[in-house]
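Report on one structure; see the data block that follows.
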Amino acid sequence: MSTTNTAIVTGAARGIGAAVARRLAADGFAVAVIDLDEAAGKPVVDQIEAAGGRAIAIGADVADEAAVDAAVERVTADLGAPTVLVNNAGVLRDNLIFKMTADDWDTVMNVHLRGSFLMTRAVQKHMTKAGFGRIVNLSSTSALGNRGQANYAAAKAGLQGFTKTLAFELGKFGVTANAIAPGFIETEMTAATAARVGVAFEDFKAGAAAEIPVARTGVPDDIAHAVSFFVSEGAGFVSGQVLYVAGGPKA
């Protein structure tokens, strides 16, 4: 591993982000658990510390420039200069295009795209200085298009272009950038989607599994495993890639 082994995971209080934070801690990283509400991240920190790892919870709105810069400064002071960044923070504001408000659009763009940009800009200086860095952006199979998700699909597709550009710009400094595009993952977010469309979550999962080649839905640890690979020292020749973790071929 690099000389510094501090990782930042955004949206890490629950779901995929929490699983990623726990996995990176198990891999030997000190982990900054960033979420909108600092208190919400404390249980994840407690789990990591109980397993013998190091972690801190930080409350920050990733779409707020000053909050992002302050959060990264705190991580550097408390855990060490970060050389791994997982941009996972995300929100849903689903609606058909004729019902979608400008606020629905802006909220999703701000969290996914502006947030990933601000976090990456703040952290990359530590990576380039160390001569080692790993950036993983969470995209989605929705990047291929999904009914009722014009905002989310556009943001997740945008993250793929962002990732590939980072790979070009930062590669010569020993920094890789890759994206993971999850399929159906069992989280509070997908449970909320099921509730919104009026379907019991178990039925929702069963319906999804029937369309997935491996005949099951995904769990957060499936994504955490992929992140673990991308941030490893041995993955230094893998950059600018989009990995669909969806139980079958997607793109």
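Put simply, CD on Glu38 and CD1 on Ile56 are 8.0 Å apart, with the number rounded to the nearest 0.5 Å. Of the inter-residue distances, the one linking His126 atom NE2 with Thr76 atom OG1 reads 3.5 Å to the nearest 0.5 angstrom. Residue His112 holds its NE2 atom at 10.0 Å from OG1 of Thr107, rounded to the nearest 0.5 Å. Note that the CG atom of Asp104 and the CG atom of Asp94 stand 9.0 Å from one another [nearest 0.5 Å]. Put simply, CH2 on Trp105 and CG on Asn95 are 13.0 Å apart, with the number rounded to the nearest 0.5 Å. For the atom pair Arg93 CZ and Met100 CE, the distance stands at 11.0 Å (nearest 0.5 Å).
By the rule that hydrophobic residues join a cluster once side-chain heavy atoms approach within less than 4.5 Å of another member, Met127 and Val31 end up as members of separate clusters. Phe29 and Ile223 end up in the same hydrophobic cluster when Ile, Leu, Val, Met, Phe, Trp and Tyr side chains are linked at under 4.5 Å. No continuous path of ILVMFWY side-chain contacts below 4.5 Å connects Val175 to Val9, so the two sit in separate hydrophobic clusters. One hydrophobic cluster, built from ILVMFWY side chains closer than 4.5 Å, holds both Ile34 and Phe117. Residue Leu166 is grouped with residue Ile8 when hydrophobic side chains (ILVMFWY) are merged at heavy-atom distances under 4.5 angstrom, including chains of intermediate members.
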task = Starting from the C-alpha separation in whole Å, work towards a yes-or-no answer on side-chain contact (heavy atoms from CB on, under 4.5 Å) for Asn178 and Leu243.
result = CA-CA 8 Å; Asn178 292 285; Leu243 176 63; over 6 Å; no

inquiry  = Using side chain to side chain donor-acceptor pair (under 3.5 Å), reason through Asp27 and Ser228 one step at a time and then give a plain yes or no.
reply    = CA-CA 8 Å; Asp27 288 347; Ser228 179; 2.6 Å; yes

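Listed for the Thr10 side chain is a donor-acceptor partner under 3.5 Å among the backbone atoms of Asn88. In terms of modelled atom types and a separation under 3.5 Å, the side chain of Asp222 and the main chain of Val219 share a donor-acceptor contact. Formation of a donor-acceptor pair under 3.5 Å by the Gln124 side chain with backbone atoms of Arg121 is found in this model. Listed for the Asn151 side chain is no donor-acceptor partner under 3.5 Å among the backbone atoms of Val108. In terms of modelled atom types and a separation under 3.5 Å, the side chain of Lys156 and the main chain of Leu138 share a donor-acceptor contact. At least one donor-acceptor pair under 3.5 Å links the side chain of Gln241 to the backbone N or O of Ser239. The backbone N or O of Val84 sits nowhere less than 3.5 Å from a side-chain atom of Arg134 that would complete a donor-acceptor pair. Remark: side-chain polar atoms of Asp61 are not paired, donor with acceptor, to backbone N or O of Ala67 under 3.5 angstrom.
What you find for Thr176 and Ala235 is that their closest heavy atoms are CG2-O, 4.2 Å. Shown here for Val44 and Ala18, the closest heavy-atom pair between the two residues is CG2-CB, 3.8 Å. Across Ala32 and Leu79, no two heavy atoms sit closer than the pair N-CD1, 3.8 Å. For Ala89 against Val62, the heavy-atom pair with the smallest separation is CB-CG2, 4.1 Å. The two residues Lys164 and Gly240 make their nearest non-hydrogen contact at NZ-O, 3.1 Å. Closest non-hydrogen pair, Ala208 versus Thr217, comes out as CB-CG2, 3.9 Å.
Surrounding CZ of Phe201 are more than 12 heavy atoms belonging to other residues, nucleotides or ligands, all under 6.0 Å away.
For the pair Thr190 and Lys205, the minimum side-chain heavy-atom distance is 4.5 Å or more. At a threshold of 4.5 Å between non-hydrogen side-chain atoms, the residues Asp221 and His225 do not count as touching. The closest side-chain heavy-atom distance from Tyr152 to Leu92 is below 4.5 Å. Val91 has its side chain out of reach of Met189: every pair of non-hydrogen atoms, C-beta onward, lies at least 4.5 Å apart.
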